[in-house]
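For clarity, every value in this text was computed on a predicted model and none was experimentally measured.
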Amino acid sequence: MKEHIIHFKQKGFPDLRIYADYFEVKARDHWEFRTFRFSEVQKIRYYDPNNNWWTPIAMVFSRPYMSFYAQKKYYYLRIYKNSGGYWNYITPEFVSLDLITALREVKKRSGNITLQSK
């Protein structure tokens, strides 16, 4: 087994291990790591799924949505593959600078991955 270069581990966040040719991610509610080769990943997005154009409209017109929105505060780490599929990993509602640093390392090592955070 290869030795990882960077290992991001923080409470509430998915575990991220970065190697020379690939990286692995383990969801906080799953027991094993999923491997992604740099060549098969197109884009990585770290964002608030409720920060879009229709959330304020839904909040104004829907009382049930407001109670649901108030309880569900989280961000997504979404990994898009070249095949068209993607994997979502739920993170806490705050931005982790250590995670951003690890994702920048993934981008640097791959040379072809687009990194978006909003």
What's the verdict on side chain to side chain contact (heavy atoms under 4.5 Å, CB included) for Tyr19 and Glu24, showing C-alpha distance, side-chain angles and the deciding distance? CA-CA 8 Å; Tyr19 298 87; Glu24 297 177 330; 3.5 Å; yes

Residues in ring-ring contact (aromatic ring centres under 6.0 Å, His included) contact with His30, at least two apart in sequence or another chain: none

Min side-chain heavy-atom separation [X]-[Y] under 4.5 Å:
| X | Y | result |
| --- | --- | --- |
| Trp87 | Val25 | no |
| Thr101 | Phe8 | no |
| Pro14 | Leu77 | yes |
| Asp29 | Ile90 | no |
| Tyr22 | Glu40 | no |

Is it true that, when you exclude Arg37 itself, more than 12 heavy atoms of the residues, nucleotides or ligands shown sit nearer than 6.0 Å to its CZ?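 Count not over threshold, so no.
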
How about OH on Tyr86, more than 12 heavy atoms from neighbouring residues, nucleotides or ligands closer than 6.0 Å, or not?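 Open.
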
Would you compute the distance between atom OH of Tyr80 and atom CD1 of Ile113 and round it to the nearest 0.5 angstrom? 13.5 Å

Ring centroids only, cut at 6.0 angstrom: are Phe94 and Phe13 within range, meaning strictly under it? yes

Residues forming a salt bridge (Lys or Arg N to Asp or Glu O under 4.0 Å) with Glu105, sequence neighbours excluded: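 Residues passing salt bridge (Lys or Arg N to Asp or Glu O under 4.0 Å) with Glu105: Lys108, Arg109.
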
Can you check side chain to side chain contact (heavy atoms under 4.5 Å, CB included) on Thr91 and Tyr46, steps first, answer last? CA-CA 9 Å; Thr91 71; Tyr46 182 42; 3.6 Å; yes

Within the side chain of Asn82, is there an N or O that forms a donor-acceptor pair under 3.5 Å with the backbone of Ser39? yes

Could I get the full list of side-chain hydrogen bond (donor to acceptor under 3.5 Å, both in side chains) partners for Asn88, not counting sequence neighbours? Arg78

Same apolar cluster (I L V M F W Y, side chains within < 4.5 Å links), Ile44/Phe33: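 Shared cluster, no.
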
